[in-house]
Amino acid sequence: MKTISIIAIAALSAVSFAQKTYSLKVDAPVGTKHNLKLETKIVGQSQKGEMGFSATMNQVLKRKTPSELEWNVKFKILSKYGKGAFAGGEQSFAEMDGMVMDMFMAPTGLMKKVRMGDIEVPSSGTPSVIFPSKPIKVGSTWSGTVDMNGQKVKITYSLASVKTAKAKNIALIRGTVDKGQMVKNITPIQFWVDMKTGLMEKAEAKLQIAAQEQTLRLEYLINRL
């Protein structure tokens, strides 16, 4: 009987999460530290070879307004490699080591721009999670457009689940790239987000990218430190 009761409680909890309405946004206090470890691999499909790197991004929230959050980011390369057709290409990652930048983000998570000294670029290069403007439930879908190195990519997001882990309510959000674009999903983009602050706990993806008559596979894994 005890086992049946535990199963019933778990089932009721799952139903409660599914029926509840959630409002998602980035809402952390100024001074918040959000440190991430990034592992990236780029594999050539037409030209055989691969390269990749492991890095940390130490982020501090410098400024916050109702419409914008400004993060100071310090980038450190931990390791890099290149082989096959991409042998030596890993040296381009060395230029990123020690890079300091300011990232400007909307409360929806949309990356507005990245500034490095006097240079501004529209994105950090990888798809980010964009939160919807309206409250949602588990199973809800919405659309967002992100900038990947100058290319506008439209993504359909869905709230897959909400679970409690280590005293945090964690939302699992999946992203599917809309058809007919330079980027295609090999696997869905998955984001695990702390619902209290809107900050990413983990993200992972495998994507196919058509770039300059080449087909590349991009794999990345991000974990909060």
Side-chain angles (χ1 to χ4, degrees), residues 26-44 47 49-65 68-130 146-153 183 189-194 197-207 209 211-212 214 216-225:
V26 182
D27 188 21
V30 172
T32 294
K33 295 181 180 180
H34 186 223
N35 298 329
L36 301 169
K37 183 178 180 182
L38 170 63
E39 296 177 65
T40 299
K41 178 166 68 173
I42 300 169
V43 181
Q47 295 185 18
E50 65 179 69
M51 61 183 180
F53 68 89
S54 175
T56 56
M57 293 175 63
N58 295 327
Q59 307 179 111
V60 179
L61 184 57
K62 292 171 53 177
R63 182 180 61 88
K64 176 183 174 183
T65 70
E68 186 174 82
L69 296 92
E70 180 181 351
W71 295 86
N72 179 254
V73 182
K74 295 181 180 178
F75 204 86
K76 181 177 178 58
I77 296 292
L78 302 176
S79 63
K80 59 187 186 302
Y81 73 94
K83 56 186 179 182
F86 295 153
E90 73 275 12
Q91 295 306 316
S92 62
F93 301 135
E95 299 174 6
M96 301 163 61
D97 189 36
M99 185 180 294
V100 178
M101 65 189 86
D102 291 313
M103 296 196 312
F104 298 83
M105 174 190 295
T108 58
L110 177 67
M111 190 70 65
K112 293 183 172 183
K113 63 183 178 181
V114 177
R115 185 173 63 204
M116 294 170 282
D118 296 329
I119 301 172
E120 290 187 357
V121 293
S123 76
S124 58
T126 54
S128 54
V129 60
I130 308 298
V146 300
D147 194 305
M148 289 185 63
N149 295 330
Q151 294 288 334
K152 298 292 185 182
V153 178
V183 181
I189 311 168
Q190 299 198 108
F191 305 92
W192 287 263
V193 176
D194 179 353
T197 62
L199 297 178
M200 186 190 303
E201 296 287 313
K202 180 181 177 180
E204 63 182 16
K206 292 182 181 180
L207 302 169
I209 302 174
Q212 298 178 351
Q214 294 187 45
L216 305 173
R217 187 174 82 242
L218 169 65
E219 301 179 13
Y220 69 84
L221 173 64
I222 303 172
N223 280 293
R224 188 170 184 176
L225 298 175

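Atoms considered below: every heavy atom in the structure, side chains included; atoms not considered: hydrogens, waters and symmetry mates.
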Heavy-atom pair with the smallest gap, counting every atom of Tyr220 and Thr40
CB-OG1, 3.9 Å
In Å, rounded to the nearest 0.5 Å, how long is the span from CG of Leu207 to CZ of Arg217?
11.0 Å
What's the shortest heavy-atom distance between Val60 and Lys33, and which atoms?
CG2-CG, 4.1 Å
In residues 80-88, what donor-acceptor pairs under 3.5 Å come from side-chain atoms, sequence neighbours left out?
from	atom 1	to	atom 2	distance (Å)
Tyr81	OH	Glu50	OE2	2.8

Measuring from Gln59:CD to Leu199:CG, what's the distance to the nearest 0.5 Å?
8.5 Å
Starting at CG of Leu110, measure out to CD of Glu68 and round the result to the nearest 0.5 Å.
10.5 Å
Verify the neighbour count for atom CD1 of Ile119: are there more than 12 heavy atoms of other residues, nucleotides or ligands below 6.0 Å?
no
With heavy-atom distances below 4.5 Å as the criterion, would you say the side chains of Met105 and Trp71 are in contact?
yes
Kindly say whether Ile77 contributes a backbone atom to a donor-acceptor pair with the side chain of Asp97 at under 3.5 angstrom?
yes
Could you walk me through whether Arg115 and Glu70 pass the side chain to side chain contact (heavy atoms under 4.5 Å, CB included) check?
CA-CA 10 Å; Arg115 185 173 63 204; Glu70 180 181 351; 3.8 Å; yes
Residue pair Leu36 / Thr56, side-chain heavy-atom distance below 4.5 Å
no
For His34 and Met200, the nearest pair of non-hydrogen atoms, with its separation, is NE2-O, 2.8 Å
Does some side-chain heavy atom of Glu204 sit less than 4.5 Å from a side-chain heavy atom of Phe191?
no
What's the separation between atom CD in Glu90 and atom OG in Ser79, rounded to the nearest 0.5 Å?
11.0 Å
Ile130 and Val146, any side-chain heavy atoms less than 4.5 Å apart
yes
Rounded at 0.5 Å granularity, tell me how far CG in Leu218 sits from CD1 in Ile209.
4.5 Å
Within a strict 4.5 Å, meaning less than it, do heavy atoms of the Leu78 and Lys37 side chains meet?
yes
I'd like to check Glu39 versus Glu219 (side-chain heavy atoms, cut-off strictly below 4.5 Å). Are they in contact?
no
Please name the pair of heavy atoms, one in Asn72 and one in Lys62, separated by the smallest distance, quoted to 0.1 Å.
CB-CD, 3.3 Å
Considering only heavy atoms from C-beta outward, does the side chain of Leu69 approach that of Leu61 to under 4.5 Å?
yes
Contact between Met116 and Met99 at the side-chain level, heavy atoms closer than 4.5 Å - yes or no?
yes
Which heavy atom of Asn35 sits nearest to which heavy atom of Asn58, and what is that distance?
OD1-CA, 3.1 Å
Check the pair Arg63 / Phe104 against side chain to side chain contact (heavy atoms under 4.5 Å, CB included), numbers first and verdict last.
CA-CA 9 Å; Arg63 182 180 61 88; Phe104 298 83; 3.9 Å; yes
Shortest non-hydrogen contact between Asp194 and Glu201, atoms and distance:
CB-OE2, 3.7 Å
